[in-house]
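Computation of the quantities below employed the complete heavy-atom set of this structure, encompassing side-chain atoms and omitting hydrogens, waters and symmetry-equivalent molecules. Start at 1 and go down the list; that is how both ligands and their atoms are numbered.
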Amino acid sequence: MTSDTGVAAPKQDPWAAALEQFDRAADHLSLKQGIREFLATPHRELTVHFPVRMDDGTIRTFVGHRVHHSMVVGPTKGGVRYHPAVTLNEVRALAMLMSWKCAVVGLPYGGAKGGVAVDPAGLSSNELELLTRRYTSEILPLIHPEGDIPAPDVGTNPQVMAWIMDTYSMRRGYSTPSVVTGKPIAIGGSAGRLEATGRGVAITLREAARRYGYPLEGATVAVQGFGNVGSVATAQIARLGCTVVAVSDVSGGVYHPRGLDVGRLIAHVREARTVAGFRGGEAISNAQLLELPCDFLVPCALEGQIVEDNAPRIRARVVVEGANGPTTPAADAILEDRGVLVVPDIVANAGGVVVSYFEWVQGLQQFFWTEDEVNANLERIMMRAFGEVAAVANARRVTLRSAALIRAIDRVARALYLRGIYP
Ligand code: NAD
């Protein structure tokens with residue numbers, strides 16, 4: 001089934017998919033049953049229903065969540081999503097993914113996630129601010145610069161982070177920039193944070209190409225989703241010498257078999273705020289984009305896009321997951337059988353949380369780095385993580401996803417053994 005945007009509707013509950021992935025990887029580790037059960041369970045969950053006064057004077061009630069999956073390794077870290085399809089199970093799944101993502105790149109964080117079921121495009125700026133400030137007030141008991149640090153995700157941006165930071169600071173009575181990352185630079189954000197996830201996606205694409213022998217020069221690439229992650233990934237991948245043949249957003253996509261003019265496309269999206277209407281290619285749906293003949297497919301929209309139905313028709317040789325959870329476990333198995341290499345989300349899109357970590361460190365030290373320093377450290381950490389995961393995949397003869405999850409779950413489990421069970 002596809003939505004009217006041509007995007008496949010998620011077929012599997014995201015939490016069920018996250019647990020299935022966890023189980024597959026955990027089977028490779030000799031964890032005690034009780035430890036395995038604890039790691040598969042969210043540590044804390046808060047659901048809030050709250051009112052917002054709209055511009056026309058009416059009052060609407062919204063539902064939001066904040067979930068801490070694991071605080072074994074350190075404070076919890078994870079984005080806040082504003083999207084109409086947000087559910088507690090989606091937030092749980094994304095929180096668990098954050099635990100594995102932080103562990104696989106070696107950050108001293110556990111995983112968390114938050115979200116509000118809302119279409120932010122349907123709100124005025126004033127309504128968005130009121131919703132953000134009220135949601136922040138509701139989840140205040142859970143967030144803290146040393147306890148749980150939110151960041152941007154789908155539908156949120158640096159301005160939303162600024163409102164979260166300000167609301168938290170007003171409630172505490174002093175400025176607390178380090179309670180969120182992904183802030184504007186003027187209030188303690190980090191150089192390079194906005195571009196970090198897309199930049200990391202391009203670094204892992206490059207490393208996968210090198211390691212597994214796919215030439216980059218002239219390789220064809222299709223990117224689904226043209227928001228923060230997708231637009232930066234597209235620009236960075238074009239710089240590697242690849243030919244970007246298709247991109248899309250919620251309104252559909254554009255395709256040109258000989259390549260899109262990425263500079264003109266970005267200028268068009270800046271102006272029109274959508275990919276739709278770009279004249280440099282033919283209009284296609286999101287479903288068509290996924291099935292195009294190309295070397296690299298880079299999903300950067302939402303979870304559940306490559307599913308059992310369309311996996312047999314994916315023609316890319318490599319899938320690099322910019323989005324979180326874009327491939328369901330059933331689709332993953334089909335791609336593996338068909339020899340399609342999948343660079344998993346927890347590695348491919350970890351650049352965002354890596355530079356969020358840099359932002360948090362800079363904020364706590366009140367000492368800020370140059371963009372070159374940020375990018376050099378990002379490059380180093382992403383290359384190390386990719387290399388370590390590829391080595392595990394090689395040694396255990398498993399997929400990159402299984403290798404990344406095995407490494408991540410093992411790290412968290414070891415930390416848990418060292419800390420012990422309280423009391
Ligand atoms: P964004 O809101 O900036 O962009 C989302 C993009 O997806 C937009 O182009 C939007 O039009 C498109 N989209 C939304 N709904 C869609 C639908 N139903 N079908 C097709 N396209 C749709 O979000 P983002 O920050 O770029 O996040 C994209 C993905 O990357 C998400 O899975 C997110 O969890 C993941 N991610 C983001 C970050 C980050 O730093 N922002 C970090 C790691 C992972």
Hey, are H65 and T47 close enough side-chain-wise for a donor-acceptor pair under 3.5 Å?
yes
Indicate, as side chain, backbone, both or neither, the part of D249 found under 4.0 angstrom from ligand 1 when only non-hydrogen atoms are considered.
both
Numbered atoms and elements of ligand 1 in range of L302, under 4.0 angstrom, heavy atoms:
15 (N), 16 (C), 17 (C), 18 (N)
Between T197 and ligand 1, does any nitrogen or oxygen pair lie at a separation below 3.5 Å?
yes
Would you please say whether a donor-acceptor pair under 3.5 Å links the side chains of R193 and S356?
yes
Could you tell me whether N349 and ligand 1 have an N or O pair separated by under 3.5 Å?
no
Does the side chain of E308 pick up a donor-acceptor pair with the side chain of T328 at under 3.5 Å?
no
When you check the side-chain N and O atoms of N310 and R313, is any donor under 3.5 Å from an acceptor?
no
Show the atoms of ligand 1 that are less than 4.0 angstrom away from any heavy atom in G322.
30 (O), 35 (C), 44 (C)
Is a salt bridge present between E90 and R81, judged by a nitrogen-to-oxygen distance below 4.0 Å?
yes
With a 4.0 Å cut-off, would you call E388 and R411 a salt bridge?
yes
Would A301 count as being in polar contact with ligand 1, using the rule that some N or O on each side must be under 3.5 angstrom apart?
yes
Is the closest N or O pair between K113 and ligand 1 shorter than 3.5 Å?
no
Ligand 1 to R193, heavy atom cutoff 4.0 Å, flagged ligand atoms 40 (O)
Checking heavy atoms under 4.0 Å, the part of C300 that sits near ligand 1 is backbone
For F62 together with Y135, are the ring centres under 6.0 Å from each other?
no
Please lay out, stage by stage, how T58 and D56 fare under the test side-chain hydrogen bond (donor to acceptor under 3.5 Å, both in side chains).
CA-CA 6 Å; T58 58; D56 65 3; 2.6 Å; yes
Any N or O of V250 closer than 3.5 Å to N or O of ligand 1
yes
Contact check: S248 vs ligand 1, nitrogen or oxygen atoms, below 3.5 angstrom
no
Give the single entry among V269, V355, N228, V275 that approaches atom 3 (O) of ligand 1 most closely by any heavy atom.
N228
Pick from T156, V154, V201: the one approaching atom 27 (O) of ligand 1 most closely through a non-hydrogen atom
V154
Would you call E303 a ligand 1 contact, heavy-atom distance under 4.0 Å?
no
Side chains of D410 and R407 in contact at under 4.5 Å (non-hydrogen atoms)
no
Are any of the N/O atoms in K101 less than 3.5 Å from those in ligand 1?
no
Determine, using heavy atoms of R273 and all atoms of ligand 1, whether some pair is separated by less than 4.0 Å.
no
Judged by modelled atom types alone, do N349 and N324 share a side-chain donor-acceptor pair under 3.5 Å?
yes
Can H83 be said to touch ligand 1, with heavy atoms closer than 4.0 Å?
yes
Any N or O of G227 that comes nearer than 3.5 Å to an N or O of ligand 1?
yes
V229, any N or O under 3.5 Å of ligand 1 N or O
yes
Between Q224 and ligand 1, is there a nitrogen or oxygen pair with a distance under 3.5 Å?
no
Would you say the side-chain atoms of T87 and N89 include a donor-acceptor pair closer than 3.5 Å?
no
Atoms in ligand 1 with a heavy atom of R81 nearer than 4.0 Å
31 (C), 32 (O), 33 (C), 34 (O)
Salt-bridge contact D261-R279 (side-chain N to carboxylate O under 4.0 Å)
no
Closest to atom 2 (O) of ligand 1 (heavy atoms only, candidates P84, G78, G198, G155) is G155
Validation row: H268, R264 side chains within 4.5 angstrom (heavy atoms):
no
